[in-house]
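Working notes, structure below.
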Amino acid sequence: EGMVLSMALAGTRPAPNSGETARPWRPKEILEQGLVVDYLQKRFSGMGLFPQPGPTGNFRAGSIEHLHTVVSAQTTDDSYPLALELHPSPAIAGEPKEQALQLIVDQEPHDRGLYGGFWGVLDQEGCGRLSGNLRCLRWYPGKAVLYAGAGILADSDADAAWQETCRKSETLLKLLIPPIPTA
């Protein structure tokens with residue numbers, strides 16, 4: 001029998017600098033992570049699988065870090081149908097999914113385009129590795145558009161959410177802005 005692994009990656013904070021002690025995770029980030037872990041477990045269970053969440057730790061991505069939990073289950077199913085069942089996660093669309101997706105369509109003034117999805121490689125048997133895409137950069141002639149966002153909950157602070165979005169964007173922005181040569 002095969003295994004399916006999915007990674008709950010939610011909650012965001014600035015990564016500590018070298019030698020710095022990380023501050024504790026705020027309740028908002030812990031709640032965001034819990035929502036995604038619960039979502040994965042419910043989706044796996046709905047597919048007749050028996051999900052097993054692993055320990056939650058920190059996952060560094062450039063200048064930020066996220067809470068990280070692997071949820072696994074035994075399965076003989078192909079990866080692609082599993083990915084379709086899991087996408088979009090609450091980290092991309094919100095929860096409950098159907099109402100959140102409709103709210104996005106009704107309220108956002110732009111098309112998200114490539115904002116969220118999954119990509120990867122599967123063999124003929126449907127085994128492989130697919131990764132969720134939470135941020136993207138789309139090239140156009142003479143310009144690029146960056147898509148990124150922040151987790152929004154009932155008690156979210158708009159300024160903090162904007163700062164989180166800016167920090168998440170830094171990794172992709174560094175690809176666009178060449179380093180300034182030093183003399």
Side-chain angles (χ1 to χ4, degrees), residues 3-44 51-73 79 82-83 86-95 97 100 104 108 112-121 128-138 144-180:
M3 289 288 287
V4 61
L5 303 171
S6 188
M7 179 190 315
L9 196 65
T12 305
R13 69 179 180 193
N17 294 320
S18 179
E20 230 179 24
T21 302
R23 64 178 174 77
W25 286 98
R26 296 180 311 166
K28 177 196 176 277
E29 285 99 12
I30 294 168
L31 178 58
E32 283 178 12
Q33 176 68 2
L35 289 170
V36 177
V37 172
D38 290 347
Y39 172 86
L40 292 173
Q41 291 184 92
K42 286 178 192 170
R43 292 292 175 163
F44 280 171
Q52 298 295 318
T56 298
N58 298 342
F59 182 90
R60 188 175 182 131
S63 63
I64 60 174
E65 64 182 354
H66 304 284
L67 287 167
H68 168 267
T69 308
V70 172
V71 179
S72 63
S79 298
L82 293 169
L86 297 177
H87 178 72
S89 78
I92 294 173
E95 182 71 0
K97 180 165 57 174
I104 289 167
E108 286 190 354
R112 286 189 172 198
L114 301 173
Y115 175 76
F118 55 89
W119 57 274
V121 177
R129 184 180 181 128
L130 298 172
S131 296
N133 178 37
L134 290 171
R135 292 178 276 285
C136 79
L137 180 71
R138 188 167 186 184
V145 176
L146 175 63
Y147 293 89
I152 306 295
L153 300 173
D155 63 346
S156 290
D157 173 83
D159 290 333
W162 175 250
Q163 291 304 316
E164 178 181 324
T165 302
C166 292
R167 282 190 298 276
K168 288 178 178 177
S169 301
E170 285 177 2
T171 302
L172 290 173
L173 286 172
K174 286 179 183 176
L175 297 173
L176 297 175
I177 303 167
I180 299 171

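In this chain, numbering begins with 1 at the start of the sequence shown.
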All heavy atoms of Ser6 vs all of Phe44, minimum pair found to be CB-CZ, 3.9 Å
Here the pair of heavy atoms bringing Pro90 nearest to Leu35 is CG-O, 4.2 Å
The complete set of salt bridge (charged side-chain N to carboxylate O under 4.0 Å, His left out) pairs with one or both residues in residues 60-69, sequence neighbours excluded, reads Arg13-Glu65
Sorted by chain and residue number, the side chain to side chain donor-acceptor pair (under 3.5 Å) partners of Asn58 (sequence neighbours excluded) come out as Trp25
To the nearest 0.5 Å, atom CG of Asp38 lies from atom CG of Leu31 at 9.0 Å
To the nearest 0.5 Å, atom CG of Leu40 lies from atom CG of Leu5 at 11.0 Å
Scanning both residues in full, the closest heavy-atom pair of Val71 with Pro51 reads CG1-CB, 3.8 Å
Here the pair of heavy atoms bringing Ala148 nearest to Ser169 is CB-OG, 3.6 Å
Residues Pro53 and Val37: closest non-hydrogen pair is CB-CG1, 4.4 Å
For Arg43, the salt bridge (Lys or Arg N to Asp or Glu O under 4.0 Å) test, sequence neighbours excluded, returns Glu85
Contacts satisfying salt bridge (charged side-chain N to carboxylate O under 4.0 Å, His left out) that involve residues 162-171 (not counting sequence neighbours) are Lys28-Glu164, Glu164-Lys168
For Ala10, the side chain to side chain contact (heavy atoms under 4.5 Å, CB included) test, sequence neighbours excluded, returns Glu32, Gln33, Val36
CH2 of Trp119 to CG of Leu130, rounded to nearest 0.5 Å, is 9.5 Å
CD1 of Ile92 to NZ of Lys97, rounded to nearest 0.5 Å, is 9.5 Å
Indicate yes or no: at least one non-hydrogen side-chain atom of Leu86 is less than 4.5 angstrom from one of Phe118. no
Between Pro14 and Arg23, is there a side-chain heavy-atom distance shorter than 4.5 Å? yes
For Glu108, the salt bridge (Lys or Arg N to Asp or Glu O under 4.0 Å) test, sequence neighbours excluded, returns Arg112
Nearest heavy-atom contact between Tyr39 and Pro88 is OH-O, 3.2 Å
